Amino acid sequence: MPFQIDRREFLHTVAAATGVIVPTFRSAEGVSGQAAAGEWGSPVFDIHLHPRATVEGSLAHLDGSGVTKAVLLTGAAAEERAKQTVAAHPTRFVRFASIDMTQPAAIDYLRTAAKEGAIGFGEIKSQVAAASPEMQRLYAMAAELNLPVTIHFQEVNQPNSPGTFNTGLKQFDAMLRKFPKTTFIGHADAFWANVSADYAEDTSYPTGPIKPGGVTDRFLGDYPNLYADMSANSGNNFLNRDPEFAARFIERHQNKLMFGSDCSCADGHGTSGRGASAGRCIARATLTMLKKLAPADQFRKIVWENGNRLLKA
Ligand SMILES: [Zn+2]
Ligand SMILES: [Zn+2]
């Protein structure tokens, strides 16, 4: 659809020439970008959505939750569908590619995916240490290609996510130093639980007041190559467990945080959601909480500007 692509490029050009951030969202379906901005007071970029069974199913979640555009985090099995979705709605979707990094051909697969249009890697959710040789090969390649990596950090077994993944967040500063040119995006329960200095890696969603000085807070402050994906129950739980702390955290890291949903509901209103999305749309729940905690300028950075800048989307 050359008409849509031309228009998108034109808007990027306007933005570059004026230095003003112009929302690039324009829908061929007749839903205006302004309307999407209306519901939340800002256009919204969901940096963490998994493709649905159909192209229209993915679009239904965006339209229902008031989201302007989304990153489809896509494993190999859904890659063709993600390509179709981006091709059908190029102003609404971009895509990342992911694979289990313990697969022998993992690096080749991701390199090919990047050539074919993936604009980042993730979510990477592999049953290895975050500092393992398999992951370090990925970090090196991501730096070479200048593409970001979204990592699922999980230290505790969960019924909905059995096992542990990319373990060792508390020592991840070693990787942040070793790969200064790699853009890391942290996600999942260990990432958000570790905002609190007392996280003992014994539960997925700790509650109650946060003890200042946790590694996630420190690493975000100390390392320019680390960003945060606020999706899922993990990000939502962090915002809700100690809202006063969360508001100060948002202010501190307002240029590093990005809204994401990881929601599994069908319609952006909670229908047919599984696990943490049962009976609610996590996109809506987290946007509502962010709007409560963040002043308008910080909210817009987190739900729109930071993701667009970082992903060049
Ligand atoms: Zn995840
Ligand atoms: Zn939802």
Side-chain angles (χ1 to χ4, degrees), residues 36 39-40 44-54 56-78 92-93 95-101 120-128 130 135 138 148-167 169 172 184-194 204-205 216 227-238 258-290 303:
E39 177 166 5
W40 299 106
V44 174
F45 190 12
D46 179 350
I47 67 150
H48 195 131
L49 191 73
H50 297 293
R52 305 306 203 246
T54 63
E56 296 314 310
S58 294
L59 189 63
H61 194 270
L62 269 62
D63 286 343
S65 57
V67 166
T68 313
K69 65 179 179 181
V71 181
L72 294 172
L73 301 187
T74 309
R92 307 297 299 276
F93 295 101
R95 67 185 178 89
F96 275 22
S98 75
I99 193 166
D100 181 346
M101 293 314 299
F121 303 121
E123 62 182 289
I124 301 298
K125 185 175 177 180
S126 302
Q127 294 196 287
V128 290
M135 293 300 287
L138 168 63
V149 184
T150 296
I151 301 173
H152 177 110
F153 292 100
Q154 180 182 334
E155 310 277 359
V156 181
N157 185 57
Q158 294 185 41
N160 290 330
S161 179
T164 60
F165 301 88
N166 303 118
T167 50
L169 181 69
F172 198 67
F184 295 95
I185 304 173
H187 149 74
D189 46 307
F191 188 80
W192 289 106
N194 266 308
S204 301
Y205 307 112
T216 298
Y227 293 79
D229 162 340
M230 308 196 81
S231 71
N233 199 18
S234 51
N236 189 271
N237 183 66
F238 161 69
M258 292 176 285
F259 165 73
S261 74
D262 204 3
C263 188
S264 63
C265 89
D267 57 358
H269 293 277
T271 304
S272 308
R274 299 176 305 277
S277 304
R280 66 167 181 173
C281 176
I282 291 201
R284 286 188 167 278
T286 294
L287 285 165
T288 301
M289 196 60 189
L290 282 171
V303 307

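As a basis for the values below, the full set of heavy atoms in this structure was taken, side chains included, without hydrogen atoms, waters or symmetry mates. Start at 1 and go down the list; that is how both ligands and their atoms are numbered. Bear in mind the structure is a predicted one, so any value in this text is a computation, not a measurement.
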Three-point angle Cys263:SG, the Zn ion (ligand 2), His61:NE2, rounded to the nearest 10°: 110°
The Zn ion (ligand 1) to His152: nearest N/O/S atom name: ND1
Phe184 and its ring pair (Phe, Tyr, Trp, His ring centres under 6.0 Å) partner, picked from Tyr227, Phe172, Phe153, Phe121: Phe172
Plane angle bin for His152 and His187 - parallel if under 30°, tilted between 30 and 60°, otherwise perpendicular: perpendicular
Minimum heavy-atom distance Asp46-Ser261, with the two atoms named: OD2-OG, 2.6 Å
For Ser65 against Cys281, the heavy-atom pair lying closest together: CB-SG, 4.3 Å
Where the Zn ion (ligand 1) is the vertex, angle from Glu123 OE1 to His187 NE2 to 10°: 100°
Whether Cys281 has an N, O or S atom under 2.8 Å from the Zn ion (ligand 2): yes
